[in-house]
Amino acid sequence: MVEEYGLYINGKWAESTGEKFFDVTNPANGEVLARFPSGTVEDVHRALEAAKEAFPPWKRTPPAKRGEVVLRAAQILRQRKDELGKLLARENGKIVAEARGEVQEAIDFFEYIAGEGRRLLGETVATELPDKFAMTVRLPVGIAGLITPWNFPIAIPSWKIGAALVSGCTIVFKPASGTPILGARLVSALEDAGLPPGVLNMVTGSGSVVGQEIANHPLVSVISFTGGVDTGKQVYSCGAARLANVGLELGGKNPIILLEDADQDLAMEGILFAAFGTAGQRCTACSRLILHKKIYDEFLDDLVEETEALKVGDPLDPSVDVGPVKGKEQEEKILRYIEIGKEEKAKLLCGGHKLTGDGYDLGHYISPTIFEAKPDMRIAKEEIFGPVLSVLKAGSYEEAVRIANDVEYGLSSSIYTKNVNIAFRAIQDIESGITYINAPTIGAEVQLPFGGVKNTGSGAREAGTTAIDEFTEIKSVYVDYSGRLQKAQITE
Ligand code: NAP
């Protein structure tokens with residue numbers, strides 16, 4: 001059955017002022033799952049008006065009370081985890097174990113950030129004058145415009161929405177058009193948890209209409225965007241034009257460095273999981289394996305064998321390792337990059353094609369692909385966002401790090417080694433927001449900051465202790481209880 005959704009404005013599921021709709025399809029088999037309104041600029045304005053009205057009372061609501069609503073939503077999500085996990089697998093195509101893991105991530109983050117309502121820490125600071133007190137307090141930035149991608153349809157919205165709510169912001173949220181169902185279900189959980197009308201509004205529709213208007217509108221004080229670099233640059237320039245706060249979480253080209261002394265069995269499992277889990281469509285997916293020359297041939301032979309043994313298929317089948325990629329556009333982009341790899345004379349070791357035949361024809365399946373590449377090839381430099389791994393040879397730790405850093409991105413990275421000195425050097429040397437030691441590039445936990453360096457992002461880190469930085473302004477407060485005018489810095 002095709003579910004019909006509306007926009008969510010001022011506490012009600014509402015119709016769009018326009019007449020267009022779009023379908024959400026299952027990438028495994030083309031089944032239409034849901035229909036959503038293609039929101040208009042006018043819809044964004046309605047949502048912003050609701051968020052503006054709701055802001056003063058939400059700002060005055062004690063942060064602990066704001067956190068309680070988020071905690072109740074976490075409990076509701078937990079009750080719905082099974083249903084949401086399966087729905088996510090059908091909407092996005094990631095295998096059901098990973099889909100359930102993503103729902104769990106939203107629950108974890110809501111639980112974590114709810115507690116922040118009892119902290120929202122400021123500082124007390126010494127002053128240079130007698131009978132004077134100095135401190136900082138955190139206040140909500142205002143209306144937050146949240147724009148999210150299709151690859152984590154509930155976890156990424158939960159990071160942004162949870163942190164913005166506890167910080168006291170009101171919200172206009174635009175989920176990705178490929179996967180708005182889980183975003184809508186997240187909104188439902190918050191509605192059922194008792195979130196007051198207008199505090200959270202959702203407008204679905206195209207990025208160039210709805211997203212662009214959110215990014216441009218002067219009522220939006222902070223834009224928090226996750227998506228591709230090109231879109232991120234556009235959003236950044238919209239925010240810059242009116243000096244809005246902009247947080248950007250963008251692409252990655254994440255390396256795993258495997259040194260000759262590493263536990264190779266451990267590394268093998270990690271590489272398969274990081275490169276081909278979620279069909280390589282994680283911002284933190286490993287798309288470059290930098291392999292030490294001493295173990296290169298032997299490890300690569302084993303890696304190809306293990307990769308060829310991965311089962312690709314229906315994400316709801318628990319025996320499947322790799323699901324489909326998200327839709328025709330993704331499929332075409334990935335296949336184009338595979339052609340580019342062949343043209344630049346990278347050596348194709350396995351995969352490299354669309355899967356066809358029984359169980360595959362109605363969906364978008366690409367066989368897990370490995371290329372032997374050179375660091376300056378496009379497939380080794382650009383984000384492909386699919387099940388395609390470039391393997392690069394390095395003669396030393398230093399060369400491996402040089403290769404790892406020689407890309408425009410810097411999100412996640414990993415090194416496998418038993419040498420503790422090298423491991424600690426790598427933490428300093430690799431240019432990325434996250435480094436794993438003896439673990440793959442994926443697996444972030446909600447209580448640590450998440451984000452990247454270089455073209456992977458700008459602005460505050462999401463999640464962890466820094467989650468609220470994006471959505472709060474710090475005010476410095478001086479309380480002078482001397483009863484006379486005291487002049488800082490002026491002694492005469
Ligand atoms: P995308 O095409 O950039 O889209 C992201 C969001 O922006 C979608 O909601 C999209 O709407 C919207 N959008 C499109 N054009 C816009 C515009 N002109 N103004 C405002 N919003 C606009 O990215 P994607 O394909 O969904 O996601 C994949 C990318 O996200 C990859 O590069 C991946 O690395 C990155 N990512 C990064 C992180 C991180 O934390 N660093 C996490 C996950 C994903 P429509 O869906 O309607 O087009």
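When a ligand or atom number is given, it counts from 1 through the structure's own listing order.
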The protein heavy atom nearest to atom 40 (O) of ligand 1 is Phe450 CE2, 3.1 Å
heavy-atom search around atom 42 (C) of ligand 1 in the protein gives Cys283 SG, 2.9 Å
For the pair Ser432 (side chain) and Ser412 (backbone), establish whether a donor and an acceptor sit closer than 3.5 Å, ignoring hydrogens and angles. no
Closest to atom 35 (C) of ligand 1 (heavy atoms only, candidates Gly251, Pro149, Gly327, Gly227) is Gly227
Looking only at protein heavy atoms, what sits closest to atom 28 (C) of ligand 1 is Phe385 CE2, 3.7 Å
heavy-atom search around atom 26 (O) of ligand 1 in the protein gives Trp150 CD1, 3.1 Å
Taken to the nearest 0.5 Å, the spacing of Asn26 CG from Leu362 CG works out to 10.0 Å
Next on the checklist: Considering both backbone and side-chain atoms of Gly207, is one of its nitrogen or oxygen atoms within less than 3.5 Å of a nitrogen or oxygen in ligand 1?
Outcome noted: yes
Salt bridge between Arg35 and Glu4, side-chain N to carboxylate O under 4.0 Å? yes
Among non-hydrogen protein atoms, atom 34 (O) of ligand 1 lies closest to Glu383 OE2, 2.6 Å
So, Glu329 and Lys333, do they make that salt bridge, N to O below 4.0 Å? no
Per-atom filter on ligand 1: closer than 4.0 angstrom to a heavy atom of Gly205 are 47 (O)
To the nearest 0.5 Å, atom CD1 of Ile434 lies from atom CG of Leu448 at 8.5 Å
At under 4.0 Å between heavy atoms, what of Val235 touches ligand 1? The answer is side chain
Per-atom filter on ligand 1: closer than 4.0 angstrom to a heavy atom of Ser177 are 45 (P), 46 (O), 47 (O)
Next on the checklist: Tell me whether Arg90 is salt-bridged to Glu31, with the criterion being a basic N under 4.0 Å from an acidic carboxylate O.
Outcome noted: yes
Short version for Phe152: what comes under 4.0 Å of ligand 1, heavy atoms counted, is neither
Contact region, Arg282 to ligand 1, non-hydrogen atoms below 4.0 Å, reads neither
Does a side-chain N-to-carboxylate-O contact under 4.0 Å join Glu3 and Arg185? yes
So for Ile147 against ligand 1, with non-hydrogen atoms under 4.0 Å, the contacting part is side chain
Ligand 1 to Gln212, heavy atom cutoff 4.0 Å, flagged ligand atoms 17 (C), 18 (N), 19 (N), 20 (C)
Test side chain to side chain donor-acceptor pair (under 3.5 Å), reference Tyr337, set Glu383, Glu332, Glu382, output is Glu382
Out of Val210, Leu250, Thr226, Thr148, the nearest non-hydrogen contact to atom 8 (C) of ligand 1 is supplied by Thr148
Quick note on ligand 1: atoms under 4.0 Å from a heavy atom of Ile156 include exactly 42 (C), 43 (C)
Note: Gln234, heavy atoms under 4.0 Å from ligand 1, region reported as side chain
Closest to atom 2 (O) of ligand 1 by heavy-atom distance, out of Thr231, Asp230, Leu411, is Thr231
Per-atom contact, atom 18 (N) of ligand 1, protein heavy atoms, under 4.0 angstrom: yes
For Ser206, the ligand 1 atoms with a heavy-atom partner under 4.0 Å come out as 47 (O)
Logged contact type for Asn151 with ligand 1, heavy-atom cut-off 4.0 Å, is side chain
Within 4.0 Å of some non-hydrogen atom of Gly211, the atoms of ligand 1 are 19 (N), 20 (C), 21 (N)
Here the pair of heavy atoms bringing Ala51 nearest to Thr170 is O-OG1, 2.8 Å
protein heavy-atom neighbour closest to atom 11 (O) of ligand 1 works out as Lys174 NZ, 3.1 Å
Worksheet entry | No-hydrogen, no-angle side-chain donor-acceptor test under 3.5 Å, Thr472 and Arg138 | yes
Subject >> Gln234 side chain to Asp230 side chain, donor-acceptor N/O pair below 3.5 angstrom >> reply: no
Would you check the N or O atoms of Gly228, main chain and side chain alike, for any that come under 3.5 Å of an N or O of ligand 1?
-> yes
Glu49/Arg46 ion pair, N-O < 4.0 Å: no
TODO: For Glu269, look at atom CD and say whether over 12 heavy atoms of other residues, nucleotides or ligands are found less than 6.0 Å away.
DONE: no
Are Glu102 and Lys94 close enough for a salt bridge, meaning some N to O gap below 4.0 Å? yes
Under a plain distance cut-off of 3.5 Å, with no hydrogens placed, do Thr179 and Asn92 share a side-chain donor-acceptor pair?
no
- Gly232 touching ligand 1 at heavy-atom level, < 4.0 angstrom: no
- Task: Please determine if Glu116 and Arg119 form a salt bridge, counting it only when a charged side-chain N lies under 4.0 Å from a carboxylate O.
- Result: yes
Looking only at protein heavy atoms, what sits closest to atom 7 (O) of ligand 1 is Phe225 CE1, 3.2 Å
Ligand 1 contacted by Gly457 (non-hydrogen, < 4.0 Å) | no
